[in-house]
> 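Supplied in structure tokens, the structure appears directly below.
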Amino acid sequence: MTVVLGIETSCDETAAAVVDHDRRILGEVVRGQLDAHRDYGGVVPEIAARAHLDVVDVVIRRAMSDAGCEFCDLDGVAATAGPGLIGGVIVGTMTGKAIAVSHDLPFLAINHLEAHVLTPRLTGEVAFPYLALLVSGGHSQFVAAVDVGRYHVLGTTIDDAMGEAFDKTGKMLGLGFPGGPAVERAAIAGDPRRFALPRPLAGRPGCDFSFSGLKTAVRHAIEALPPGPLAESDIADLCASFQQAVGDVMAERGANAIEAFQSRFPDGETLVVAGGVAANAALRERLETVAEKHELTFVAPPPRLCTDNGAMIAWAGLERLGRGLTDGLDFAPRPRWPLEARP
Ligand code: KG4
Ligand code: ZN
């Protein structure tokens, strides 16, 4: 049995998990930092780094004890080495390396984006090649996953990440941070037809997408409402209209992405959605419909494994360890690390 510890510290969750190669999550802890950042309306990198430093040991110890594991029971230690807020990434990487060196274990430097893209293989049987829509707070792309470590980006946002668009919309509507889950909750009671928001790049060839015009349109719609505090129904209708526009855009761009994927990888059978925004039920539903139309199986991990967590890092570590793709202790943490580039 191969068992790997995964450590995630690239944004505002300090997370650790112990996972085995039978896809069992033996122990898992996610500690958020929302209270530390709430007054600032977003994640403050210095505060995040210090908060990771304060709790990373405890989080790892709890995940290990929940798993009933000692460090000597592990076969490897995986840590997010980028991309992300560099202070946090340094904390996680240094901690992972320290555990690896002191217990003579292989170290696995994990690309956070790769971990999101590989998560559907932790939660089910998904064979390569597959098409992934990776949508998080910092990244949004259609990726052909050909094998572990082999990815082709087919399309990407040309401006804001999808999570960023949700967060900014939430912020404009006074829904706090992060906006994504709050926008989804508010949209349930809203009328998606009340506000006519744009569908950026609709009808254009290719599968790049764009959200900045949509965000601006939400701001204009808010400004056109009567002055004073927004009514609950206005907030709900705006959230529903925004979510509908995002769904329409991704259904249309998703169809193009699937066609591009199928022409290059005719044996591919699956569309997966991954990353924090993949927790959004409305988006999942839209993508499922597009996948079915193109005879692809649609796979979405459970929401708690879509947002940042340690299990996805441990799993990416297991996938890489199984292929002998270990890293040296001189591996430098990276604030930027495109999926296609791996020295
Ligand atoms: O992957 P993730 O946890 O962290 C990054 O790697 O960025 O993604 C966080 C993003 C945030 O922008 C958050 O608002 C968004 O995912 N998000 C959602 C939902 N849950 C999280 N967006 C829309 N609907 C949700 N239910
Ligand atoms: Zn993430």
Side-chain angles (χ1 to χ4, degrees), residues 6-15 17 30-34 37-38 41-43 45 48 52 79-86 88-89 92 110-120 122 132-141 143 157 160-173 175-188 190 211 214-215 218 239-240 242-247 249-250 272-287 300-313 315-316 334-339:
I7 304 167
E8 160 57 35
T9 54
S10 68
C11 191
D12 62 343
E13 323 273 4
T14 314
V30 180
R31 178 83 65 94
Q33 312 175 347
L34 278 183
H37 301 285
R38 187 159 283 132
V43 178
H52 287 304
T80 299
L85 302 174
I86 193 63
V89 175
I110 303 300
N111 180 317
H112 181 89
L113 306 178
E114 176 172 29
H116 276 306
V117 168
L118 292 175
T119 301
L122 161 65
L133 171 61
L134 164 62
V135 277
S136 71
H139 298 85
S140 293
Q141 22 187 255
V143 179
T157 178
D160 295 346
M162 194 187 291
E164 205 178 338
F166 269 93
D167 291 340
K168 286 178 177 166
T169 296
K171 195 170 180 177
M172 287 188 278
L173 294 170
L175 296 177
F177 183 85
V183 168
E184 179 172 25
R185 271 194 304 275
I188 293 168
F211 295 115
L214 186 53
K215 174 190 69 189
V218 171
C239 288
F242 169 79
Q243 206 170 254
Q244 179 73 32
V246 170
V249 167
M250 294 323 289
V272 314
V273 64
V277 193
N280 186 284
L283 177 68
R284 292 156 83 109
E285 216 169 275
R286 298 300 298 270
L287 293 170
R304 75 183 169 87
L305 294 174
C306 290
T307 48
D308 291 349
N309 64 85
M312 71 182 198
I313 306 303
W315 177 252
R334 305 168 173 189
R336 289 174 182 281
W337 187 358
L339 249 188

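Excluded from the calculations below are hydrogen atoms, water molecules and symmetry mates; all remaining heavy atoms, backbone and side chain alike, are included. Everything numeric in this text was worked out from a predicted model, so none of it was measured. In listed order, ligands and their atoms are each counted from 1.
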> Confirm or rule out an N/O/S atom of His112, from backbone or side chain, lying less than 2.8 Å from the Zn ion (ligand 2).
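Checking the Zn ion (ligand 2) against His112, an N, O or S atom does fall under 2.8 Å.
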> Quick check: does His116 put an N/O/S atom under 2.8 Å from the Zn ion (ligand 2)?
yes
> Heavy-atom pairs closer than 4.0 Å: do any link ligand 1 to the side chain of Met162, the backbone, both, or neither?
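Answer for Met162: neither.
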> Of all the non-hydrogen atoms in the protein, which one sits nearest to atom 4 (O) of ligand 1, and at what distance?
Asp308 OD2, 3.0 Å
> Using non-hydrogen atoms of the residue, decide whether His112 is closer than 4.0 angstrom to ligand 1.
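The answer is yes: ligand 1 sits under 4.0 Å from a heavy atom of His112.
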> Do any N/O atoms on Phe166 end up under 3.5 angstrom from N/O atoms on ligand 1?
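No, Phe166 has no N/O under 3.5 Å of an N/O on ligand 1.
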> My understanding is that we take every heavy atom of each candidate and find the minimum distance to atom 22 (N) of ligand 1. Doing that for Ala279, Gly180, Gly179, Pro83, which one comes out nearest?
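Ranked by closest heavy atom to atom 22 (N) of ligand 1, first place is Gly180.
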> To the nearest 0.5 angstrom, please state how far the CD atom of Glu13 sits from the CZ atom of Arg31.
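Those atoms lie 11.5 Å apart.
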> In Å and rounded to the nearest 0.5 Å, what is the CE to OG1 distance from Met312 to Thr80?
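These two atoms lie 6.0 Å from each other.
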> Please classify the Asp167 to ligand 1 contact at 4.0 Å (heavy-atom distances, strictly less than): side chain, backbone, both or neither.
side chain
> Determine, stepwise, if the pair Asp308 / His112 fulfils side chain to side chain contact (heavy atoms under 4.5 Å, CB included).
CA-CA 9 Å; Asp308 291 349; His112 181 89; 3.1 Å; yes
> Quick one: report the N, O or S atom of Asp308 that is nearest to the Zn ion (ligand 2).
OD1
> Are Gly138 and ligand 1 in contact, using a heavy-atom cut-off of under 4.0 Å?
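Contact present.
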> Side chain, backbone, both or neither: which applies to Glu13 and ligand 1 if a contact is any heavy-atom pair less than 4.0 Å apart?
neither
> What's the spacing between Lys168 NZ and Leu173 CG if we round to 0.5 Å?
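Output value for this atom pair is 14.5 Å.
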> Kindly identify the option in Ala278, Gly137, Gly275 whose heavy atom sits closest to atom 7 (O) of ligand 1.
Gly137
> Looking only at distances, please establish whether an N/O atom of ligand 1 is found under 3.5 Å from an N/O atom of Gly276.
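Between Gly276 and ligand 1, an N or O pair is found under 3.5 Å apart.
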